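What's counted below: heavy atoms across the whole structure, side chains too, no hydrogens, waters or symmetry copies. Every value quoted in this text rests on a predicted model; they were computed, and no experiment measured them. By convention in this document, chain letters (A, B, ...) are assigned in the order of the sequence lines, proteins followed by strands, and residues within each chain are numbered from 1.
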Protein chains: 2
Amino acid sequence: MTEVRCSACPLRPLPLFLRNDDDEVAIVQSLKRREMQMGPGETLIHEGQTNAPLYTLREGWAFRYKTLSDGRRQILTFLLAGDFIGVQQKMGDAAAHGVMTLTDSLFCVFQRDSLWELHRQSPAMGFNITWLTAHEESLVDDTLLSVGRRSAEERIATLLILLFKRAAALQDDGGAAGVPFPLTQQHIADGLGLSLVHTNKTLRKLERRGLHHIEDGRLWLRDVKALVRLADLYGDGRPPQRPLV
Amino acid sequence: MTEVRCSACPLRPLPLFLRNDDDEVAIVQSLKRREMQMGPGETLIHEGQTNAPLYTLREGWAFRYKTLSDGRRQILTFLLAGDFIGVQQKMGDAAAHGVMTLTDSLFCVFQRDSLWELHRQSPAMGFNITWLTAHEESLVDDTLLSVGRRSAEERIATLLILLFKRAAALQDDGGAAGVPFPLTQQHIADGLGLSLVHTNKTLRKLERRGLHHIEDGRLWLRDVKALVRLADLYGDGRPPQRPLV
DNA sequence: CGGTGACTTGAAGGAGGTCAAAATCTGTGG
DNA sequence: CCACAGATTTTGACCTCCTTCAAGTCACCG
């Protein structure tokens, strides 16, 4: 099983991602250490782990999370292909959050100091990192608004729409045939600050009303209008084009 | 009232901030457009505003927030002196959140494209921006854990500790005489996803138990041990040294 | 001294949590 | 192909933490 060269990265051609100069791709290539395969439910980064490397998620789904000492868990963001992982752990410090896979996943691995090398060798790529980091933060901002101020129904509607859009942007059909949806209800609960039971009941209610459909690990939005109204989401069609590292 | 040169910025000498080369300071200086003074409760950036400039908060307190169309508000992070503002609004796009002052405040104003200039002219400063952005995200991560998984008591304990630490790091006495605390209970409520009434009752309960004391716009932690236990916060003494832009 | 914003307190109700148990489903090994 | 263990989903019953509603206090200010 041979590793892919960054210039031939299967993600790069997708319309979701911005083009890069050959130089830039070459720099990324030079910093890439290896690839890493993981199964579902495996821990990529442990909470409190020190000096974890950087990763780009190339295939599959994962999530970032934090836990309290009695086991309560909050999922911070879900990670999809193209997401860059590990910037948040401040330099040389312990990771403030864990990362766990949801599906079979493939990661490109970079040494920790690549962060600095990327900035040093290419301001443009440095800028891209900043962009990606800021974008990640805005995902957390959205979730915080949900968890802090939306009802259970509204939270779930919001999550379904947002995840659907992100997943659809990675497909050619734009989600016409649904999108992969590898979350269990426990993941949804932990991502929205709800209990498992209440998540189940709310999910069933929305599905019975015909707003969405989840089956066999795939998600369909059946009544986007109604979902958007519930979520009080405005504007924006698909996610903006984004840099890839 | 004449403006301060960056090399003479009163924040820079504080032990909280990392030193910078003269070149770096010069670059920042060259990008700084002006200073801007605001009173308490004023809106620096409106939600949805396009093309807002960048700011560094030099004096005072502020906060980032999002609202739903029916008025429910979630405060995302509180901003203290040294915080860099505006990176989250993705390039040229609309601001996804608003920024409002809590106190009399002073901002250093930078043009929007300074973000790129900073990266271009100094990889080190670009790296600093990334660092600050990642750090901001980790603050939101912490809040999301609170709002999603902590009880009202625990949330308030967590907030008090975290804000105290940040504010104390800006003072010489390290908080011995308390720290400024310009939040109303409504701000606390909106920052923690609670109702005003319940915030009040919980706050009173903690204060009556002798865990903290708020008076006259200042906060004292009376029983840090108990607060930390409640918050389930581990490790870390004071916040890490951070870059200043 | 009336008006406004922040704080406080009590009472009542509800959204969502907890507990318990059953129904599926899935993979595994015999 | 079946039995069994372990996840995951579903439902019902009950309870509580927190919200909402209402009112009153206090400080400050024009």
Rounded distance (Å) that lies between atom P of D:dA7 and atom CG of A:L183: 19 Å
Let's go through B:R155 and B:S146 carefully: what are the C-alpha distance in whole Å and the side-chain angles of both, what is the deciding distance for side-chain hydrogen bond (donor to acceptor under 3.5 Å, both in side chains) to 0.1 Å, and is it a yes or a no? CA-CA 5 Å; B:R155 289 181 215 185; B:S146 271; over 6 Å; no
State whether the side chain of A:S105 and the backbone N or O of A:M38 hold a donor-acceptor pair below 3.5 Å, judged by distance alone. no
For D:dA7, does OP1 or OP2 lie under 4.0 Å from any side-chain N or O of A:Q186? no
State whether the side chain of A:D83 and the backbone N or O of A:I85 hold a donor-acceptor pair below 3.5 Å, judged by distance alone. no
With no hydrogens and no angle check, is any side-chain donor or acceptor of B:K66 less than 3.5 Å from a backbone partner on A:D142? no
Heavy-atom side-chain contact between B:Y65 and B:H97 under 4.5 Å: no
Neighbour count above 12 (heavy atom, 6.0 Å) for A:D172 CG: no
Its contact letters, B for base, S for sugar-phosphate only and - for none at protein heavy atoms under 4.0 Å, make nucleotides 15-30 of chain D read ---BBBB---------
What does the inter-axis angle of the helix from C:dC1-D:dG30 to C:dG30-D:dC1 come out as, five pairs per end, nearest 10 degrees? 30°
One thing to verify: whether A:D232 and B:R72 come together as a salt bridge, which I'm taking to mean a side-chain N less than 4.0 angstrom from a carboxylate O. no
Can you check whether A:G82's main-chain N or O pairs, donor with acceptor, with A:T56's side chain at less than 3.5 Å? no
Nearest-Å distance for atom pair CD/P, residues A:E207 and D:dT9: 12 Å
How far apart are the closest heavy atoms of B:R149 and A:L68, and which atoms are they? O-CD1, 4.0 Å
Keeping B:E3 on the side-chain end and B:E35 on the backbone end, is there a donor-acceptor pair under 3.5 Å? yes
Please tell me if A:N200 has a side-chain N or O lying less than 4.0 Å from either OP1 or OP2 of D:dT9. no
First-last contacting nucleotides on DNA chain C - partner chain A, under 4.0 angstrom, heavy atom: C:dG16 to C:dC19
